[in-house]
Amino acid sequence: MTATPGGNSLDDRKKAFSSKDAQEGGMVLFSGGGYDKQYGHIAIVTGVNDDGTINVKESNYNGDKKVTERFNVPTTYVSGYYNNTPLVS
């Protein structure tokens, strides 16, 4: 995934995160809501739940530069998924 020089990083990411299906081990791009409006927020999908929510592992979610895991995350602000190479097994 590469950014276009002078381009909007979030727009570039949305092109790469084109899948609409969550997959454990893939990545998710959040945008809108409370997520960074210019760059979005990327996390690793650690689980896909029967109710349509996902579990994620991420860094700097609260601006604290810590790695955290969240469970049963609604997909309301998901822009897309990148599932070509699972990052966890």
Side-chain angles (χ1 to χ4, degrees):
M1 171 177 51
T2 59
T4 304
N8 180 313
S9 296
L10 182 55
D11 287 341
D12 291 339
R13 290 177 183 170
K14 285 181 179 178
K15 291 175 190 171
F17 284 73
S18 58
S19 176
K20 296 299 178 193
D21 299 312
Q23 176 182 329
E24 186 174 341
M27 295 185 291
V28 58
L29 173 64
F30 295 100
S31 63
Y35 299 100
D36 187 288
K37 291 178 180 20
Q38 183 175 1
Y39 300 107
H41 181 72
I42 296 172
I44 298 171
V45 178
T46 58
V48 180
N49 305 310
D50 292 338
D51 64 358
T53 61
I54 57 175
N55 303 334
V56 298
K57 193 165 197 173
E58 60 202 338
S59 178
N60 206 32
Y61 172 68
N62 291 315
D64 57 7
K65 299 180 183 170
K66 294 182 181 177
V67 175
T68 56
E69 191 161 8
R70 292 188 294 146
F71 301 92
N72 302 310
V73 178
T75 58
T76 307
Y77 296 108
V78 169
S79 291
Y81 300 94
Y82 183 82
N83 296 322
N84 289 1
T85 307
L87 299 175
V88 294
S89 55

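Note that these values count all heavy atoms, side chains included, but never hydrogens, waters or copies made by symmetry. Numbering starts at 1 and runs along the sequence shown.
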- Answer whether the closest heavy-atom distance between the side chains of Asp21 and Tyr81 falls below 4.5 Å. no
- Message: Quick check: do Glu58 and Ile44 have side-chain heavy atoms less than 4.5 Å from each other?
- Response: no
- Query: Between Thr46 and Glu24, does any side-chain donor sit less than 3.5 Å from a side-chain acceptor?
  - Reply: no
- Message: Set out, in order, the CA-CA distance, both residues' side-chain angles and the distance that settles side-chain contact (heavy atoms from CB on, under 4.5 Å) for Ser31 and Lys14, then state yes or no.
- Response: CA-CA 9 Å; Ser31 63; Lys14 285 181 179 178; 3.7 Å; yes
- Message: So, taking the atom named NZ in Lys65 and the one named OG in Ser59, what distance separates them when rounded to the nearest 0.5 Å?
- Response: 9.5 Å
- Task: Could you check if a side-chain atom of Val78 sits within less than 4.5 angstrom of a side-chain atom of Phe30, using non-hydrogen atoms only?
- Result: yes
- Note on the structure: side-chain hydrogen bond (donor to acceptor under 3.5 Å, both in side chains) filter on Tyr61, not counting sequence neighbours, yields Arg70
- Given Met27 and Phe17, is the side-chain contact (heavy atoms from CB on, under 4.5 Å) satisfied, shown in steps? CA-CA 8 Å; Met27 295 185 291; Phe17 284 73; 3.7 Å; yes
- Message: For Tyr35, I'd like to know if atom OH has over 12 heavy atoms of other residues, nucleotides or ligands within 6.0 Å.
- Response: yes
- Message: Between Ile54 and Thr75, is the side-chain contact (heavy atoms from CB on, under 4.5 Å) condition met? List the steps.
- Response: CA-CA 7 Å; Ile54 57 175; Thr75 58; 4.2 Å; yes
- Task: Only counting residues at least two apart or in another chain, list the ones meeting side-chain hydrogen bond (donor to acceptor under 3.5 Å, both in side chains) with Asp51.
- Result: Thr53
- Distance-minimising heavy-atom pair for Ser19 and Asn83: OG-ND2, 3.3 Å
- Task: Could you tell me the separation between the NZ atom of Lys15 and the OG atom of Ser79, rounded to the nearest 0.5 Å?
- Result: 13.5 Å
- Applying side-chain contact (heavy atoms from CB on, under 4.5 Å), run through Asn55 and Asn72 and close with a yes or a no. CA-CA 6 Å; Asn55 303 334; Asn72 302 310; 4.3 Å; yes
- Item | Approximate separation, where rounding is to 0.5 Å, of Tyr82 OH and Gln23 CD | 11.5 Å
- Note on the structure: Here the pair of heavy atoms bringing Val56 nearest to Ala43 is CB-CB, 3.8 Å
